[in-house]
Amino acid sequence: MLKYQAVIDDIVEGIESGAYPPYSQLPSTAQLCDKYGVSKITIKKAMDQLESMGYISRRRGSGSFVKKIGEKVPEALMGEYSNQMTGFMAEHRARSEKVSTKVLQFTVERPSDKVAEALDTDKDGFVYHIVRVRSANDMPLAIEYTYMPIDVIPDLKTAAVETSIYSFIEDDLGLKISSAHRTVRAVLPTQLEVEELHESKTSPLLEVEQTAFLDDGKAFEYSISRHAHGYELYVISAK
């Protein structure tokens with residue numbers, strides 16, 4: 001067995017047994033080298049693999065932190081998901097498209113059991129509930145249902161909701177968005193989605209259910225995005 005695989009297996013066992021609880025910081029590289037009797041290169045390989053497997057997140061200058069994860073994303077897909085954390089506005093503006101947002105709801109409420117579990121937050125706390133239609137070049141492409149815990153993302157204003165929440169998180173709050181765990185499926189539209197996305201009741205939408213994390217492993221967003229029929233073709237042709 002490769003040395004770094006033995007390190008991975010031992011740390012995974014520690015995470016799954018609760019020896020390293022969610023959001024806890026792993027020992028430093030030097031401490032892990034001493035514990036396992038291996039080089040810094042071996043520890044780096046192990047940390048790279050643990051991050052790609054979704055067990056940890058790393059924060060430059062602070063170390064490695066254990067993630068709180070309900071359902072793990074398959075390792076083969078993890079890198080792809082982590083690279084997609086640019087946000088709708090940044091993604092489409094990079095292609096010189098005119099991006100617009102129609103805010104249907106921006107309220108504060110107590111989370112449902114499902115939302116509280118996804119965000120690992122107290123059910124007695126409060127979350128933002130945001131519903132937005134996202135368009136590029138005046139074409140409605142997606143409707144997003146988003147929940148964010150107020151204690152993690154404080155002082156969110158309408159101006160950010162109408163433009164880019166991710167930019168607000170990183171530029172105004174100084175936080176670092178790291179990765180997301182996503183489930184993709186096909187669904188039929190609701191009446192709201194038929195009206196807002198200009199779809200027929202029988203046209204399937206691409207649904208992306210997402211829990212997104214900061215670089216310290218804390219979940220900051222639970223969302224469901226439903227993309228208009230033909231969205232993939234639009235994105236490919238626009239590249």
Rounded to the nearest 0.5 angstrom, the CD1-CE distance for Ile8 and Met53 is 6.5 Å

Taken in chain and number order and not counting sequence neighbours, the residues that satisfy side chain to side chain donor-acceptor pair (under 3.5 Å) with Thr42 are Ser39

dist Leu50:CG -> Ser57:OG (nearest 0.5 Å) comes out at 11.5 Å

Residue set satisfying salt bridge (charged side-chain N to carboxylate O under 4.0 Å, His left out) with Asp215, at least two apart, ordered chain then number -> Arg59

Output for pair (Tyr36 OH, Ile43 CD1), nearest 0.5 Å, gives 7.0 Å

key: Glu195, CD atom: more than 12 neighbouring heavy atoms under 6.0 Å   = yes

Contacts of Ser112 meeting side chain to side chain donor-acceptor pair (under 3.5 Å) (sequence neighbours excluded), chain-then-number -> none

Practice problem: Evaluate side chain to side chain donor-acceptor pair (under 3.5 Å) for Tyr128 paired with Gln105, printing each intermediate quantity in order. | Solution: CA-CA 10 Å; Tyr128 302 110; Gln105 181 175 342; over 6 Å; no

Arg226 meets the side chain to side chain donor-acceptor pair (under 3.5 Å) criterion, sequence neighbours left out, with Glu193, Glu207

For residues 30-45, the salt bridge (Lys or Arg N to Asp or Glu O under 4.0 Å) pairs (sequence neighbours left out) are Asp10-Lys35, Lys44-Asp48

Hits for salt bridge (charged side-chain N to carboxylate O under 4.0 Å, His left out) against Asp120, two or more places apart or cross-chain, chain-then-number order -> none

Could you tell me whether Lys218 sits above the aromatic face of Phe213, with NZ or CZ closer than 6.0 angstrom to the six-membered ring centre and within 45 degrees of the axis? no

### Query
side-chain contact (heavy atoms from CB on, under 4.5 Å) between Val12 and Tyr55: does it pass, once the steps are laid out?
CA-CA 8 Å; Val12 167; Tyr55 282 104; 3.6 Å; yes

Sorted by chain and number, sequence neighbours left out, side-chain contact (heavy atoms from CB on, under 4.5 Å) with Gln31 holds for Pro27, Ser28

Separation between CE (Met47) and OG (Ser64), nearest 0.5 Å, reads 5.5 Å

Residue pairs meeting side-chain hydrogen bond (donor to acceptor under 3.5 Å, both in side chains), one or both in residues 147-157, sequence neighbours left out, come to His129-Tyr147

Evaluate Leu32 against Val7 for side-chain contact (heavy atoms from CB on, under 4.5 Å), listing each step before the verdict. CA-CA 9 Å; Leu32 291 173; Val7 174; 5.8 Å; no

Between the side chains of Glu144 and Arg134, is the shortest nitrogen-to-carboxylate-oxygen separation below 4.0 Å, so that they form an ion pair? yes

Are Phe126 and Phe220 joined in one hydrophobic group, where the rule is that I, L, V, M, F, W and Y side chains link up if heavy atoms are under 4.5 Å apart?
yes

Show your working on side-chain contact (heavy atoms from CB on, under 4.5 Å) between Ile150 and Met148 and close with a plain yes or no. CA-CA 6 Å; Ile150 290 180; Met148 291 182 172; over 6 Å; no

With sequence neighbours left out, the residues meeting side-chain contact (heavy atoms from CB on, under 4.5 Å) with Pro140 are Val133, Ser135, Leu197, His198

With sequence neighbours left out, the residues meeting side chain to side chain donor-acceptor pair (under 3.5 Å) with Ser24 are none

For Leu192, the side-chain contact (heavy atoms from CB on, under 4.5 Å) test, sequence neighbours excluded, returns Leu104, Ile143, Tyr145, Thr190, Glu196

Sorted by chain and residue number, the side-chain contact (heavy atoms from CB on, under 4.5 Å) partners of Ser200 (sequence neighbours excluded) come out as Thr202, Ser203

**Prompt:** Judged by modelled atom types alone, do Glu209 and Tyr222 share a side-chain donor-acceptor pair under 3.5 Å?
**Reply:** yes

Practice prompt. Please test Leu214 against Val152 for side-chain contact (heavy atoms from CB on, under 4.5 Å), starting from the C-alpha separation and ending with a verdict.
Written response: CA-CA 10 Å; Leu214 299 173; Val152 178; 3.9 Å; yes

